[in-house]
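First up is the structure itself, then whatever we jot down about it.
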Amino acid sequence: MNALTPLDRLRTIGLDELNAQAELQTRVDRKYILPRRDLPAVLLALPAGSEVLQIDGESSLRYASQYFDTPQLDSYFGAVRKRRRRFKVRARTYVDSGGSFLEVKTRGARAATVKERVPVAGDALDDEAVAYATDLLSEAGIPHAAHLADTLRPTLVTRYRRATVLLPAAAGGDASRATIDTNLTWVAAEGTVLQLPASVIVETKSGQRAGALDRALWRQGHRPARISKYGTGMAALRPDLPANPWHRVLTRHFSGAMVTDGHRPTSDTPSVAA
């Protein structure tokens with residue numbers, strides 16, 4: 001059975017309706033990485049009334065994200081060192097539905113993620129995009145925001161397929177949403193490609209209270225993991241970098257990753273930094 005087959009039983013929902021019910025641009029994210037083979041059982045446990053996003057008849061959509069960082073990797077080291085004021089900048093492309101957006105994520109209160117975005121023409125950062133990033137970093141209190149934004153450069157690309165589920169509100173709560181990412185791929189700036197075909201990343205997005213999918217994952221023995229597509233991908237592809245926040249995930253889930261040099265497969269897998 002395809003890992004996403006249980007989603008076929010759900011009612012479909014359009015993007016406008018999904019956003020109207022649970023846009024959640026300011027939210028608490030809980031991330032899980034689990035074997036692909038375990039996903040069907042989790043999806044079969046979704047509560048009645050759950051709905052799956054469908055665009056042009058497709059519910060597993062292709063995404064690509066170009067991450068930007070400074071030459072000193074200020075964004076990466078902000079996460080590694082758990083700086084109170086840290087940031088992430090990426091250009092996300094919705095491959096199937098069209099459109100690219102520059103997203104600036106900063107760390108907010110109570111571990112909430114505050115995400116702002118603006119349409120961009122492509123992956124490159126023009127003067128307008130740099131100015132936009134400068135404003136948002138400044139508003140978040142990031143030191144030297146103008147210099148950081150001006151020196152941002154392409155660092156890592158992620159590619160994956162994403163299914164999005166809207167979960168009904170529980171008693172006393174709000175509707176929540178979740179994403180399921182498969183076909184996980186990372187591409188380093190120099191062209192090295194890392195793939196995790198046997199793993200999936202589930203991310204729940206809710207208010208302060210855990211949602212129905214969190215509880216379904218917990219019942220089946222899955223717990224939130226420290227994983228960042230950018231941070232973990234960089235650490236897996238660059239064993240010279242410190243990677244303490246993601247050591248457990250790297251050890252458990254990335255040790256069998258498929259790695260190519262951009263031209264041919266290789267049996268080597270990335271070392272895991274201590």
Side-chain angles (χ1 to χ4, degrees), residues 2-5 7 29 31-40 53 55 58-69 73 75-76 79 88-103 105 120 122-124 153-164 178-203 225-241 243 245-273:
N2 183 296
L4 295 174
T5 296
L7 295 180
D29 297 346
K31 299 179 183 179
Y32 306 79
I33 182 168
L34 55 147
R36 188 183 180 103
R37 65 178 180 273
D38 291 354
L39 184 61
L53 174 67
I55 298 177
E58 180 60 67
S59 58
S60 179
L61 303 168
R62 292 176 295 166
Y63 282 61
S65 293
Q66 171 70 71
Y67 287 87
F68 298 89
D69 209 336
L73 301 180
S75 176
Y76 178 83
K88 191 179 298 177
V89 180
R90 70 188 177 200
R92 169 168 286 178
T93 299
Y94 299 84
V95 178
D96 294 305
S97 58
S100 295
F101 295 87
L102 180 67
E103 298 183 342
K105 300 175 71 176
V120 292
D123 291 342
R153 58 186 177 84
T155 310
L156 182 75
V157 171
T158 61
R159 300 181 185 134
Y160 49 92
R161 283 190 171 272
R162 168 166 289 183
T164 301
T179 57
I180 301 105
D181 295 343
T182 60
N183 295 13
L184 302 168
T185 302
W186 290 261
V187 185
E190 72 277 8
T192 304
V193 179
L194 182 150
Q195 296 174 293
L196 288 182
S199 297
V200 300
I201 294 175
V202 178
E203 185 170 354
R226 290 291 303 273
I227 183 168
S228 155
K229 282 196 180 74
Y230 178 58
T232 312
M234 285 288 288
L237 287 162
R238 290 275 308 273
D240 58 304
L241 294 174
W246 310 293
H247 178 71
R248 184 175 182 181
V249 164
L250 288 165
T251 302
R252 295 184 62 182
H253 297 281
F254 281 72
S255 59
M258 295 173 54
V259 180
T260 68
D261 63 3
H263 302 285
R264 66 181 190 281
T266 175
S267 59
D268 295 336
T269 56
S271 301
V272 177

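The residues of the chain are indexed from 1 along the displayed sequence.
Contact between Asn2 and Pro40 at its shortest, heavy atoms only, is O-CG, 4.5 Å. Looking at every heavy atom in both residues, Ala243 comes nearest to Ala235 through CB-CB, 3.5 Å. Heavy-atom minimum distance, Thr93 versus Ser100: OG1-OG, 2.9 Å.
For Ser59, the side chain to side chain contact (heavy atoms under 4.5 Å, CB included) test picks out Val52, with sequence neighbours left out. Ala225 is linked by a side chain to side chain contact (heavy atoms under 4.5 Å, CB included) to Ile33, Val249, counting only residues two or more places apart in sequence or in another chain. For Ser65, the side-chain hydrogen bond (donor to acceptor under 3.5 Å, both in side chains) partners are Arg92, not counting sequence neighbours. For Arg162, the salt bridge (Lys or Arg N to Asp or Glu O under 4.0 Å) partners two or more places apart in sequence, or in a different chain, are Asp181. Partners of Arg226 according to the side chain to side chain contact (heavy atoms under 4.5 Å, CB included) rule, which considers only residues two or more places apart in sequence or in another chain, are Lys82, Pro245, Trp246. With sequence neighbours excluded, the residues satisfying salt bridge (Lys or Arg N to Asp or Glu O under 4.0 Å) with Arg62 are Asp96. The salt bridge (Lys or Arg N to Asp or Glu O under 4.0 Å) check on Lys31 picks up nothing, with sequence neighbours excluded. Under the side-chain hydrogen bond (donor to acceptor under 3.5 Å, both in side chains) criterion, Ser228 pairs with Lys88, sequence neighbours left out. Remark: Tyr63 pairs with Tyr94, Tyr160 by the ring-ring contact (aromatic ring centres under 6.0 Å, His included) rule, at least two apart or across chains. Tyr67 meets the side-chain hydrogen bond (donor to acceptor under 3.5 Å, both in side chains) test with Arg90; sequence neighbours excluded.
To the nearest 0.5 angstrom, Leu39 atom CG is 11.0 Å from Ser199 atom OG. In this structure, the separation between CG on Asp29 and CD1 on Ile227 is 13.0 Å, given to the nearest 0.5 Å.
Side-chain contact between Gln195 and Leu184 is absent, with no heavy-atom pair separated by less than 4.5 Å. Residues Thr192 and Val259 are in side-chain contact: their nearest non-hydrogen atoms beyond the backbone lie under 4.5 Å apart. Residues Val95 and Leu61 fail the side-chain proximity criterion, which asks for heavy atoms closer than 4.5 Å. Residues Tyr230 and Thr155 meet the side-chain proximity criterion, which asks for heavy atoms closer than 4.5 Å. In this structure the side chain of Leu4 reaches within 4.5 angstrom of the side chain of Ile180, judged on heavy atoms. At a threshold of 4.5 Å between non-hydrogen side-chain atoms, the residues Thr158 and Thr185 do not count as touching. The shortest distance between side-chain heavy atoms of Arg36 and Asn183 falls below 4.5 Å. Within the 4.5 Å cutoff, side-chain heavy atoms of Leu241 are placed close to those of Leu73.
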Original post:
Could you walk me through whether Leu156 and Val187 pass the side chain to side chain contact (heavy atoms under 4.5 Å, CB included) check?
Top reply: CA-CA 6 Å; Leu156 182 75; Val187 185; 5.8 Å; no
Original post:
Under the ring-ring contact (aromatic ring centres under 6.0 Å, His included) criterion, do Trp186 and Phe254 qualify, and how do the steps go?
Top reply: CA-CA 12 Å; Trp186 290 261; Phe254 281 72; 5.4 Å; yes
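A distance-only check finds no donor-acceptor pair linking the side chain of Thr232 to the backbone of Lys229 [under 3.5 Å].
Residues in residues 189-199 take part in no salt bridge (Lys or Arg N to Asp or Glu O under 4.0 Å) pair, two or more places apart or across chains.
Surrounding CZ of Arg153 are more than 12 heavy atoms belonging to other residues, nucleotides or ligands, all under 6.0 Å away.
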